[in-house]
Number of protein chains: 2
Amino acid sequence: MRVSLKDVAAHAGVSIKTVSNVVNNYQHVTPAMRERVQRSIDVLGYRPNLAARHLRKGRTGIIALALPELGNPYFAELAAAVIDAAAAHEYIVLLDHTGGHREQEILVSQGFRARVIDGLILSPIELETEDLRDRVENVPLVLLGERDYDLPYDHIAIDNVAAARAAVRHLNGLGRREVAFIGARRGRSEPAQLRVRGWREELTAAGLPADDGLVAATDGWGHADGAAAMNRILESGRRPDAVFAYNDPMAIGAMRVLHERGLRVPEDIAVVGFDDVVEGRFGAVTLTSVSPDKGAIGRLAVESVLARLGGNEVPAPRRVWADYRLVERESTLGRAAAGGGDRG
Amino acid sequence: MRVSLKDVAAHAGVSIKTVSNVVNNYQHVTPAMRERVQRSIDVLGYRPNLAARHLRKGRTGIIALALPELGNPYFAELAAAVIDAAAAHEYIVLLDHTGGHREQEILVSQGFRARVIDGLILSPIELETEDLRDRVENVPLVLLGERDYDLPYDHIAIDNVAAARAAVRHLNGLGRREVAFIGARRGRSEPAQLRVRGWREELTAAGLPADDGLVAATDGWGHADGAAAMNRILESGRRPDAVFAYNDPMAIGAMRVLHERGLRVPEDIAVVGFDDVVEGRFGAVTLTSVSPDKGAIGRLAVESVLARLGGNEVPAPRRVWADYRLVERESTLGRAAAGGGDRG
DNA sequence: ATGAAAGCGCTAACAA
DNA sequence: TTGTTAGCGCTTTCAT
């Protein structure tokens, strides 16, 4: 069976504590003793039992990451960033997905799915402030993404309003006057609200139309939803000269529809997405997109969780802004101006 | 602090064992007693401590999934399938990525990264048979993907040779005579070997050329690698009338290059990918692709791991074939024939 | 049907 | 510097 500290101690002819000292790199161990114990460890193939260590110390070395869906490359790339950031602190990541459904998000926030974790990073879509209000779970929680919560938890995000404004400003700067928004979500909860707000503020400031006829609500946030929304706008009779989509998959779905209808991007309609996923860099028309610094978000999230594990001085909850930039490509600049560039 | 079984027992005026019986749905508990204990549990907000349970039972309820990279949507979608399959058995998934690097894969296979797991599902790229030969780790390991290993572990995959042949046969059936292969990997290890073999076998059987001039090796397996490979083939002076790519991102990268050079897909060059990722369904030219049944793969992998946990009768290692099909779209059929269809 | 007590493997307080 | 021991919270014989 599995070898325990006791077995190693017996083999090396020392006490359990001495072996434990070696395993945990305790300072006051003579080199000779360390080597002797290490030899026994190697010979027996000893590996510490983490369950026991966990039971004793109350730490697991695991943080959970709960994302809406992995199929969206933005979240997949974000997950990779979190895993790497966690690895830098010798933490491993337990991954869960919520489908963006409120009930799932509540369950996760209350620790029903994963109960062996030191901390939780949650990227909510439908979750409401009240759902978190009476959270009893005592593992640290960090929120990710664009929803606005007035709650005592760290929240990592980019400035979505400002980013959306930058995207729309870019379009206006190219002479586009009628900019549609694709991806406001149907129903009470409104994950896209900050991006819609940025879109509206910028257009209003420029004296351009920002009426509801230019906003296409959707049920989901994938390619197909973007395509359906684009179709709906065009069939409504509106003929915008630009589209700002909630995310890249929706933008790409919209572009597919434009292509099917014989409309040229960007000549007839310019398109801007959000998230800067790899896919947008290799279509027939490369996609201009808001590019959040995913590495920074992952890093900040992990650090934020771990900071709350110190125990002594727990930092006050704070809102952390990660960096972003607008990457301009063919879907707004056109092929000639965009060049091959920026496949980062 | 946290409430334990003991606290509940004291509150309910019963022994620890009785509480445990209730928590674990033990059969022989009188309804009255069950209710009385349950009330205490609710009042105190008792939640079992999993670490203690794990220590006692030797199980953690966690399986690890190690994938090359999450950025590739195929793996992201596969991860989602595994998470769901695991959830069906009340298991949660610890996610790791190896970058497809041999050293990382070895570390993972030996359990150095995650040591709190009941089982491991590993999708290797560079790992060699010998690396697993002397594996001492005693947690069950299941292999995923197209590499061929002669080892006593379960291996879940689709029949890559047959699938590749089907793809090439489809191209031949459309009259394509010179089919290039993009994505054979440089260097000793050859993750794409089965797909290259299928490509070669089918062409040879049809009396068509399958020389090395039609194979473009790459360093990685992303969009950019596919684009670079396509460029290299065209610059070599060869002008194939079809391309079969190792995976969808590479196929899409290749199509971008064809588009830049003014070559039409499929009129001038038809393209087939592998994996059927969502992205391929929404480009300007939708992508014909081999579609592995990811749900089945995830399910089989999880079941395979869990079967080895039973303890009593450990099933003999076996090779399991998951289903696949060829989804035909515009990149081979053309726009008219393909219709809008199959956006799954 | 319920209770008492041992022990899973480890860490940490204390002792030597 | 190293050894002894209690106990983390739970499950599980064995009694009753």
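Here is how names work: the chains are called A, B, and so on, in the same order as the sequence lines, proteins then strands, and each is numbered from 1.
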Worksheet item: When the nearest nucleotide of DNA chain C is assigned to B:I16 and to B:L55 on a heavy-atom basis, which residue is associated with the more 5' position?
Response: B:I16
Whole angstrom value for the distance that separates [atom2] of [N] from [atom1] of [X]:
X	N	atom1	atom2	result
A:R59	D:dC8	CZ	P	19 Å
B:N21	C:dA4	CG	P	13 Å
A:L5	C:dT11	CG	P	6 Å
B:K57	C:dG9	NZ	P	16 Å
B:R53	D:dC10	CZ	C1'	8 Å
B:R56	C:dA5	CZ	P	16 Å
A:Y26	C:dC10	OH	C1'	16 Å
B:D7	D:dG9	CG	P	8 Å

Decide yes or no for [X] and [Y]: does some side-chain heavy atom of the first lie under 4.5 Å from some side-chain heavy atom of the second?
X	Y	result
A:I156	A:S304	yes
B:R53	B:N24	yes
A:H97	B:D84	yes

Worksheet entry | Any residue of residues 38-52 of chain B with a heavy atom less than 4.0 Å from an atom of DNA chain C | none
May I ask you to evaluate whether [X] reaches the phosphate of [N], defined as a side-chain N or O under 4.0 Å from OP1 or OP2?
X	N	value
B:T18	C:dA1	no
B:S20	D:dT11	yes
B:N24	D:dT11	yes

Item to complete: Kindly calculate the angle separating the two end axes of the helix from C:dA1-D:dT16 to C:dA16-D:dT1, each obtained from five base pairs, and round it to 10 degrees.
Response: 30°
Which pair of heavy atoms, one from [X] and one from [Y], lies closest together, and at what distance?
X	Y	value
B:L151	B:R133	CD2-NH1, 3.9 Å
B:S109	B:L120	CA-CD2, 3.9 Å
B:R34	B:V22	NH1-O, 3.9 Å
A:S4	A:Y46	C-CE1, 3.7 Å
B:D118	B:T60	OD1-N, 2.8 Å
B:I125	B:E105	N-OE2, 2.7 Å

Fill in: Shortest side-chain distance from A:K17, nucleotide among D:dG3, C:dT2, D:dT1
D:dG3
Discussion item. Heavy atoms from C-beta onward define the side chain here; which of C:dC10, D:dC10, C:dT2 lies closest to that of B:S4?
Written reply: D:dC10
Item to complete: Identify whether any heavy atom of A:V23 sits under 4.0 Å from a base atom; if not, whether one sits that close to sugar-phosphate; answer base, sugar-phosphate or nothing.
Response: nothing
Practice prompt. Measure centre to centre between the rings of A:Y153 and A:H155, then say whether the value is under 6.0 Å.
Written response: no
